[in-house]
Amino acid sequence: MEVKTGLILFLVFMILQRGEGQLSETFYQTSCPKLESIVRNVVTQKINQTFVTVPATLRLFFHDCFVEGCDASVLIASPNGDAEKDAPDNLSLAGDGFDTVTKAKQEVEKQCPGVVSCADILAIATRDVIHLAGGPSFKVELGRRDGLISLASRVAGNLPEPTFNLAQLNTIFAKNNLTQIDMIALSGCHTVGFSHCNRFANRLYSFSPSSPVDPDLDPTYAQELKQACPQDVDPRIAINMDPVTPQKFDNMYFQNLVAKKGLFTSDEVLFTNPASQPTVIDFAKNPGDFNAAFITAMRKLGRVGVKTGQAGQIRVDCTAFNS
Ligand code: HEM
Ligand SMILES: *[C@@H]1O[C@H](CO)[C@@H](O)[C@H](O)[C@H]1NC(C)=O
Ligand SMILES: *[C@@H]1O[C@H](CO)[C@@H](O)[C@H](O)[C@H]1NC(C)=O
Ligand SMILES: *[C@@H]1O[C@H](CO)[C@@H](O)[C@H](O)[C@H]1NC(C)=O
């Protein structure tokens, strides 16, 4: 009797393990052995054409994972303009991120048709852009399936805002199984890429009645930002988020925070709030600590809301559900 119960429990455990279809680094080892080198080649060529590929792909992955999970839902194009990518918060989802995944998928399909999900291709391409921009490399877990829902209406409330304080940041990351340290490390992504002026103009012109400029901004940096972003600026103008090494994936973001050169309130608060300051100082001083925490956090981000096993589908075209 006891042996039987044990056996049944063991079988249930095995079925859960397999049926749930855990992610695994070797998921495509037999079904698409060249997958990672195919993606890497496409990404390398694409970065060679434009550096924007790096921040665009990185942010695309983040937005994908935080809305419906890492399931390529953000890639869906909609004729009605009501897909996830059409939500107001998509402003900087630069076309080069989408283009990277589309190109990589095309190359992958030539060798392994119908086998590799768009969600996994985005995850691999994201790892590659980080490494090719000078950041750490790491193994990517694979086996995600592509999602079946992509709605602009499900974006609101699921992405952090640049005005968030520490508690708000922690809450939204905790919903995605990410800790405060994960959140701080992942914010280090703002070491590359651009922001439109309207996302931080409040810190330059209308912070508070007594102080129009946010006192947590270095005055010289605030002056430079005002020059780049005058009050009546063209809303299409965007500036580097890391003013020092904008094209390098390094720990400069944290050094900037210590120097009061964090662009968003949600960046600088990581230094000004005593609860997160020690982590920021550590990452600013020790690139190795940042890299290690960043890798841990990226792998956790890649597990958020994933569909595995028989859930979802393997899309043929990353921008459309299979018909
Ligand atoms: C912590 C909360 C976060 C907030 C409030 C936030 C907010 C923003 C905002 C407002 C922009 C500028 C968009 C624009 O005006 O074009 C931006 C850009 C960017 N974010 Fe974040 N973000 C956060 C976390 C992250 C994370 C975790 C990642 C990566 C995993 C990331 C990657 C990026 C990248 C790469 C860009 C530049 C995009 C480009 O140049 O095309 N962000 N973010
Ligand atoms: C990068 O671009 C240059 C020309 O702009 C070209 O000569 C070179 O072969 C390219 N390298 C890769 C890896 O695509
Ligand atoms: C972003 O969303 C707006 C509507 O909020 C839409 O007009 C625009 O085309 C979208 N941009 C992209 C790149 O999808
Ligand atoms: C967070 O982790 C729990 C336990 O592993 C899991 O059930 C849940 O789906 C995860 N949430 C997300 C958003 O991934």
Side-chain angles (χ1 to χ4, degrees), residues 16 20 22-23 50-71 74 87-100 122-123 126-127 129-130 133 135 144 147 158-203 229 233 235-242 246-249 253 257 262-270 276 280 293-295 297-308 311:
L16 281 177
E20 284 285 306
Q22 299 267 315
L23 298 181
T50 170
F51 181 81
V52 176
T53 304
V54 173
T57 305
L58 191 47
R59 188 162 197 239
L60 193 58
F61 180 65
F62 174 50
H63 282 213
D64 185 33
C65 293
F66 263 41
V67 184
E68 305 296 352
C70 311
D71 67 350
V74 73
D89 217 10
N90 67 2
L91 202 60
S92 85
L93 291 179
D96 289 305
F98 296 90
D99 191 45
T100 302
L122 177 55
T126 301
R127 183 271 313 274
V129 297
I130 292 164
R144 297 170 192 79
N158 286 318
L159 288 170
E161 293 289 330
T163 50
F164 272 13
N165 62 30
L166 186 66
Q168 291 170 311
L169 291 168
N170 278 333
T171 302
I172 205 163
F173 277 75
K175 268 204 322 196
N176 293 285
N177 288 340
L178 296 162
T179 65
Q180 176 172 293
I181 290 186
D182 296 329
M183 182 272 291
I184 299 169
L186 289 172
S187 295
C189 285
H190 289 173
T191 180
V192 288
F194 306 90
S195 168
H196 294 81
C197 293
N198 67 337
R199 305 311 297 265
F200 55 86
N202 67 311
R203 301 186 71 201
C229 296
V233 72
R236 285 169 302 183
I237 299 292
I239 65 145
N240 288 324
M241 293 196 292
D242 173 355
Q247 301 211 339
K248 212 166 173 322
F249 194 100
Y253 169 81
L257 298 186
L263 190 56
F264 304 137
T265 299
S266 60
D267 295 318
E268 196 56 56
V269 75
L270 303 178
S276 44
V280 169
F294 181 75
I295 291 172
M298 279 300 288
R299 286 168 59 96
K300 283 171 77 174
L301 177 61
R303 289 176 205 139
V304 171
V306 293
K307 285 98 195 150
T308 54

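Order of listing sets the numbers, starting from 1, for every ligand and every atom in it. Quick caveat: nothing in here was measured; it's all calculated off a predicted structure.
Results of the side chain to side chain contact (heavy atoms under 4.5 Å, CB included) test with Thr57 over Val52, Leu122, Asp96 single out Leu122 as the only residue that passes.
With hydrogens and angles ignored, the 3.5 Å screen pairs a side-chain donor or acceptor of Glu268 with a backbone N or O of Gly262. One N or O on the side chain of Thr191 and one on the backbone of Lys248 form a donor-acceptor pair closer than 3.5 Å. Side-chain atoms of Asn176 do not come within 3.5 Å of backbone N or O of Leu178 as any donor-acceptor pair. Remark: the backbone N or O of Leu23 is not paired with any side-chain donor or acceptor of Arg144 at under 3.5 angstrom. Here the side chain of Thr265 pairs no donor or acceptor atom with the backbone of Thr163 at under 3.5 angstrom. At least one donor-acceptor pair closer than 3.5 Å links the side chain of Asp64 to the backbone N or O of Asp71.
The contact set between ligand 1 and Leu169, taken as ligand atoms under 4.0 Å from a residue heavy atom, comprises 1 (C), 2 (C). Close approach to Met241 involves these atoms of ligand 1, each under 4.0 Å from a residue heavy atom: 18 (C), 19 (C), 36 (C), 37 (C). The Glu161 neighbourhood of ligand 1 comprises atoms 5 (C), with distances under 4.0 Å to a heavy atom of that residue. Using a 4.0 Å cut-off to heavy atoms of Ser187, the atoms of ligand 1 that qualify are 1 (C). Applying the 4.0 Å criterion to heavy atoms of His196 picks out, from ligand 1, the atoms 14 (C), 15 (O), 16 (O). Less than 4.0 angstrom separates some heavy atom of Val304 from each of these atoms of ligand 4: 13 (C), 14 (O). Of all atoms in ligand 1, numbered sequentially from 1 with element shown, those under 4.0 Å from a heavy atom of Gly193 are 37 (C), 40 (O).
Inter-residue side-chain proximity for Leu169 and Val269 is flagged as met; some heavy-atom pair is nearer than 4.5 Å. Taking 4.5 Å as the limit, some side-chain heavy atom of Cys189 sits within range of a side-chain heavy atom of Phe294.
Among His190, Arg199, His63, Met298, the residue whose heavy atom lies closest to atom 33 (C) of ligand 1 is His190. Atom 28 (C) of ligand 1 has its nearest heavy-atom neighbour, among Ala238, Cys189, Ser195, Ala297, in Cys189.
Between Gly305 and ligand 4, at least one N/O pair is under 3.5 Å apart. Where the criterion is an N or O separation shorter than 3.5 Å, residue side chain and backbone included, Met183 fails it with respect to ligand 1. Backbone and side-chain nitrogen or oxygen atoms of Asn177 are examined, and one is located within less than 3.5 angstrom of a nitrogen or oxygen of ligand 4.
There is a protein heavy atom closer than 4.0 angstrom to atom 11 (N) of ligand 4. In this structure, atom 2 (O) of ligand 4 has protein heavy atoms in its sub-4.0 angstrom surroundings. Distance screen at 4.0 Å: atom 7 (O) of ligand 4 has no protein heavy-atom neighbour inside the cut-off.
At a 4.0 Å heavy-atom cut-off, ligand 1 touches Phe62 through the side chain alone. Using a 4.0 Å cut-off between heavy atoms, Phe164 makes no contact with ligand 1 at all.
Between Phe264 and Phe200, the ring planes lie tilted relative to each other; the angle falls in the 30° to 60° range.
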With ring-ring contact (aromatic ring centres under 6.0 Å, His included) as the criterion, how do Phe173 and Phe164 come out once you've worked through the C-alpha distance, each side chain's angles and the decisive distance to 0.1 Å?
CA-CA 12 Å; Phe173 277 75; Phe164 272 13; 9.4 Å; no
Using the rule given for side-chain contact (heavy atoms from CB on, under 4.5 Å), can you reason through Leu186 versus Lys300, listing the C-alpha separation, both sets of side-chain angles and the distance that settles it, and then say yes or no?
CA-CA 11 Å; Leu186 289 172; Lys300 283 171 77 174; over 6 Å; no
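Nearest protein neighbour of atom 13 (C) of ligand 4, counting heavy atoms only, is Lys175 O, 3.7 Å.
Under the 4.0 angstrom criterion for non-hydrogen atoms, Phe61 is not in contact with ligand 1.
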